[in-house]
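Basis for what follows: all heavy atoms, side chains included, without hydrogens, waters or symmetry-related copies. These figures come from a predicted structure and were not determined experimentally.
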Amino acid sequence: MNKKMYELGSKRSVIRELFEYGKEYAEVHGKDSVFDFTIGNPNIPAPHTVNDLIKQAVDNPDIHLYTSAEGDKEVRKKISAYIKKEFNADMPVQNIYMTTGAAAALSIVFKALVDEERNEFIVFAPYFPEYKVFVEAAGGVLNVQRAAENFGFNLEGLEKLITPRTVGVIINSPSNPTGRIYSKEELSHLFEVIAKRSTKEKPIYVIADEPYRELVYDDTEVPYIPNLYDNSIVCYSWSKSLSLAGERIGYIAVSPKAQNDRELFLTICGAGRALGYVCASSLFQYVVSESLGLTADIEIYKHNRDRLYGALKEYGFTLIEPKGAFYIFMKSPLPNDDFMKIAKSLGILFVPSETFGVDNWVRIAYCVSPDVIERSLPHFKKLAEICGLKKE
Ligand code: PLP
């Protein structure tokens, strides 16, 4: 048996541990006394249109059969047209590969880019921890650079980390866990640095992981990365935008401006085949292709963000205002172990930032019902008081 896989399968994740703790706490104190902000599972239902499409499609026997490995052509045509309309970017049908969510998209891309000589990827911390799992499963190495002060890109650090073995830089905007959206200007500076080190023989790809693209507040712009950097690959998912996380549907899009894009796409097809990620759910390929441009009602997330961010600030916590996704990243006023212990004793569960590669912050997932936010506030207030925080 493979020891590494055993380790991955048997070791409980921090989030899982907290989930179990929450269940035990609820048994003792009642389920209304637990405020679980650990998991990024969308709590807003999918739009009615999506449910209607599923119901209508289910009786069509053809919908349950295999599509081609890279996905149904008509579906990909619609996605290609949508990308043109929405971002004014050419993304030919033959550059789109349907996947079972962003997780599969990323795993395929990492597998496709690693070869014997070149196998390093770079990410800025804090980062989504599964990148490391997926990169290592593909035989690659994930090099981590601490983000700059305000969770922007640390360009000096990045320059030092790029080596002739570097094949990719991963960007996640809006970000899990910070809720940060990178501006066009920040991205352009980043791409200048990468482009300087990317050569014809040894291209460096930018992998844009975009499951939160539509979860955006205050009209913040989320620049379309293929419009700013040629060697780019987008990994997209409808898990969050349509609240279809359990249905596992997304895609990979290789920029037609990427070097040898045809060869790269075929390598992606090969990696998908080798990993068994062929023909994403045909029912959901159809459903998403008919729902392009729709999102779940994200006003509820906005309400939660405004309420929770405002209250936490008022109680004296240090945090950054999230512009997208559904997470608040908050500085721990005490060493994280102590802070987590006190929060848990008050029934508040969130994820310590060590999971995301930085110390002494916590991630609060506010994709919960507004009622949970409201009832949690007195507990957060008490937490601030115990930590000795002063009100604003
Ligand atoms: N990337 C990031 C940053 C995520 O937060 C997640 C899920 O939470 C994924 C990728 C995986 O998404 P999917 O459900 O589409 O596999």
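Proximity of the aromatic rings of Y131 and F128 is defined here by a centroid distance below 6.0 angstrom, and this criterion is met. For F339 and W361, the gap between ring centers reaches or exceeds 6.0 Å. F37 has its ring centre less than 6.0 Å from the ring centre of F380. Taking the six-membered ring for Trp, F326 and Y301 have ring centres closer than 6.0 Å. Between F35 and H379, the distance separating the two ring centers is shorter than 6.0 angstrom.
Under 4.0 Å is where a charged nitrogen must lie from a carboxylate oxygen, and between K302 and D306 at least one such pair does. A salt bridge links R305 with D218: the distance from a Lys NZ or Arg NE/NH1/NH2 to an Asp or Glu carboxylate oxygen falls below 4.0 Å. Between E116 and R165 there is no salt bridge, since no side-chain nitrogen of the basic residue lies less than 4.0 Å from a carboxylate oxygen of the acidic one. In this structure, K341 does not pair ionically with D337, as no charged nitrogen and carboxylate oxygen lie closer than 4.0 Å. Between R76 and E74 there is no salt bridge, since none of the side-chain N atoms of the basic residue sits less than 4.0 Å from a carboxylate O of the acidic one.
In terms of modelled atom types and a separation under 3.5 Å, the side chain of S282 and the main chain of L65 share a donor-acceptor contact. Between the side chain of Y21 and the backbone N or O of K344 there is at least one donor-acceptor pair closer than 3.5 Å. Of the possible donor and acceptor atoms, none in the side chain of S198 sits under 3.5 Å from a partner among the backbone N and O of I194.
Taking every heavy atom of both residues into account, S243 and I44 meet most closely at OG-O, 2.6 Å. In plain terms, the two heavy atoms of S291 and L53 that are nearest each other are OG-CD1, 3.4 Å.
Each of L312, I348, L389 was evaluated against L383; a single residue qualifies, I348, per the side chain to side chain contact (heavy atoms under 4.5 Å, CB included) test.
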- Go through N227 and N88 one step at a time and tell me if the side chain to side chain donor-acceptor pair (under 3.5 Å) criterion holds. CA-CA 8 Å; N227 287 344; N88 194 24; over 6 Å; no
